[in-house]
*Asks:* 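This is the structure I want to talk about, given as structure tokens.
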Amino acid sequence: QVQLQQSGAELVKPGSSVKISCKASGYTFTSYDMHWIKQQPGNGLEWIGWIYPGNGNTKYNQKFNGKATLTADKSSSTAYMQLSSLTSEDSAVYFCARRSLGGVMDAWGQGASVTVSS
Amino acid sequence: EIVLTQSPTTMAASPGEKVTLTCRASSSVSYMHWYQQKSGASPKLWIYDTSNRASGVPNRFSGSGSGTSYSLTISSMETEDAATYYCQQWSSNPLTFGSGTKLEIK
């Protein structure tokens with residue numbers, strides 16, 4: 001079955017960067033877009049962007065340009081998101097999610113918590 | 001950017017009660033998708049392409065709508081349906097979600 005396993009919780013300092021991973025299994029990694037979504041405590045869902053691991057193409061929500069960088073490693077079927085210049089506003093749970101051929105997010109990772117604090 | 005406004009923000013329903021959640025888009029969209037999220041868990045695809053139930057979703061759930069107005073209906077509320085429901089569109093970039101409706105059991 002399709003599984004997305006994300007890396008663990010991170011406690012990072014303001015101004016630093018963090019890289020979250022999302023390891024895919026149970027399907028052909030290079031054939032599906034991987035999306036990233038942010039959820040701040042008690043808040044809704046915010047789309048960050050997607051990457052197509054087959055060729056590395058990316059598309060970002062303009063709001064996250066310069067904040068998030070999406071990459072993918074085909075050899076390990078792992079997608080990554082790096083967040084830079086972290087502030088308290090970046091404290092959130094970040095999900096990876098596979099986009100189905102039909103265009104919806106049909107499988108989600110368990111979420112990775114990022115806490116920005118000095 | 002298409003803004004999705006969900007209503008109500010929070011509601012409580014009794015077991016057996018019919019429930020309707022609404023999602024209004026600031027511009028017309030072709031399809032609406034819905035996700036269910038329980039506390040501490042990841043969202044799950046629930047309804048896709050406006051009216052199709054995802055795998056494993058009980059048939060008491062249905063979706064409908066067009067243009068700027070969409071809804072998710074539960075024909076008979078059950079305890080396990082207590083969750084937050086989010087609508088989502090990708091008719092235009094950026095992909096956007098509604099702010100969610102938190103559905104509680106009375």
Side-chain angles (χ1 to χ4, degrees), chain A residues 1-9 20 22-24 26-27 32-52 57-65 67-68 70 92-113, chain B residues 1-10 21 23-26 29-57 61 63 70 72 83-104:
Chain A
Q1 74 280 23
V2 175
Q3 286 192 318
L4 302 176
Q5 182 65 40
Q6 296 188 238
S7 48
I20 301 167
C22 172
K23 183 171 176 57
Y27 71 98
Y32 295 79
D33 299 341
M34 189 72 77
H35 290 243
W36 290 86
I37 297 97
K38 176 182 181 181
Q39 186 169 40
Q40 289 178 295
N43 282 7
L45 304 166
E46 195 170 18
W47 177 69
I48 296 170
W50 58 258
I51 183 167
Y52 183 64
N57 281 356
T58 55
K59 175 74 175 179
Y60 295 92
N61 182 338
Q62 198 168 353
K63 178 179 177 181
F64 291 92
N65 272 331
K67 170 62 66 178
L70 305 181
V93 174
Y94 293 88
F95 295 100
C96 59
R98 185 186 82 158
R99 183 171 81 98
S100 74
L101 297 177
V104 291
M105 284 168 270
D106 66 345
W108 293 65
Q110 82 275 24
S113 173
Chain B
E1 171 175 324
I2 294 180
V3 176
L4 301 180
T5 302
Q6 292 188 242
S7 59
T9 303
T10 306
L21 313 181
C23 177
R24 287 195 162 76
S26 58
V29 300
S30 301
Y31 296 103
M32 193 64 74
H33 315 298
W34 295 84
Y35 298 84
Q36 181 198 68
Q37 185 179 32
K38 295 194 173 181
S39 182
S42 312
K44 292 181 180 178
L45 177 64
W46 214 244
I47 300 281
Y48 65 95
D49 294 352
T50 301
S51 59
N52 297 293
R53 287 185 299 275
S55 176
V57 174
F61 285 87
Y70 293 83
L72 181 155
T84 301
Y85 294 85
Y86 295 94
C87 55
Q88 176 247 309
Q89 69 80 30
W90 204 12
S91 290
S92 70
N93 281 312
L95 182 157
T96 52
F97 293 91
S99 54
T101 291
K102 184 174 184 179
L103 176 60
E104 299 172 330

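We name chains A, B, ... by the order of the sequence lines, and we start the count at 1 in each one. Because the structure is predicted, anything quoted here is derived from the model rather than measured.
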*Asks:* Name the region of B/Gln88, side chain, backbone, both or neither, that has any atom closer than 4.5 Å to a heavy atom of chain A.
*Replies:*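 Contact with chain A is through the side chain of B/Gln88 alone.
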
*Asks:* Flag the one option from B/Gly40, B/Gly98, B/Ser55, B/Pro43 with the top tally of heavy-atom pairs under 4.5 Å to chain A.
*Replies:*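 That would be B/Pro43.
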
*Asks:* Pick one of side chain, backbone, both or neither for A/Lys59, based on which atoms fall under 4.5 Å of a heavy atom in chain B.
*Replies:*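 A/Lys59 touches chain B through side-chain heavy atoms alone.
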
*Asks:* Taking all non-hydrogen atoms of both residues, which atom of A/Cys22 and which atom of A/Leu4 are closest, and how far apart?
*Replies:*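 So the minimum-distance heavy-atom pair works out to SG-CB, 4.0 Å.
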
*Asks:* What orientation do B/Tyr85 and B/Phe61 show, parallel under 30°, tilted 30 to 60°, or perpendicular over 60°?
*Replies:*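 The rings of B/Tyr85 and B/Phe61 sit tilted, inter-plane angle from 30° to 60°.
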
*Asks:* Counting C-beta onward and ignoring hydrogens, is there a side-chain heavy-atom pair between A/Asp106 and B/Tyr48 closer than 4.5 Å?
*Replies:*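 The answer is no; the side chains never approach within 4.5 Å.
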
*Asks:* Can you tell me which of B/His33, B/Lys102, B/Lys44 forms the most heavy-atom pairs within a distance under 4.5 Å of chain A?
*Replies:*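 Maximum pair count with chain A is reached by B/His33.
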
*Asks:* Counting only heavy atoms closer than 4.5 Å, note whether B/Tyr31 contacts chain A via side chain, backbone, both or neither.
*Replies:*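 Interface part for B/Tyr31: neither.
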
*Asks:* Parallel, tilted or perpendicular: which fits the ring planes of A/Trp47 and B/Trp90, with parallel below 30° and perpendicular above 60°?
*Replies:*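 Tilted: the ring planes of A/Trp47 and B/Trp90 meet at 30° to 60°.
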
*Asks:* Take the angle between the ring planes of A/His35 and A/Trp50 and call it parallel below 30°, perpendicular above 60°, tilted in between.
*Replies:*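 Ring orientation, 0 to 90° scale: tilted.
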
*Asks:* With a 4.5 angstrom heavy-atom cut-off, is it the side chain or the backbone of A/Gln39 that approaches chain B, or both, or neither?
*Replies:*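 Contact with chain B is through the side chain of A/Gln39 alone.
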
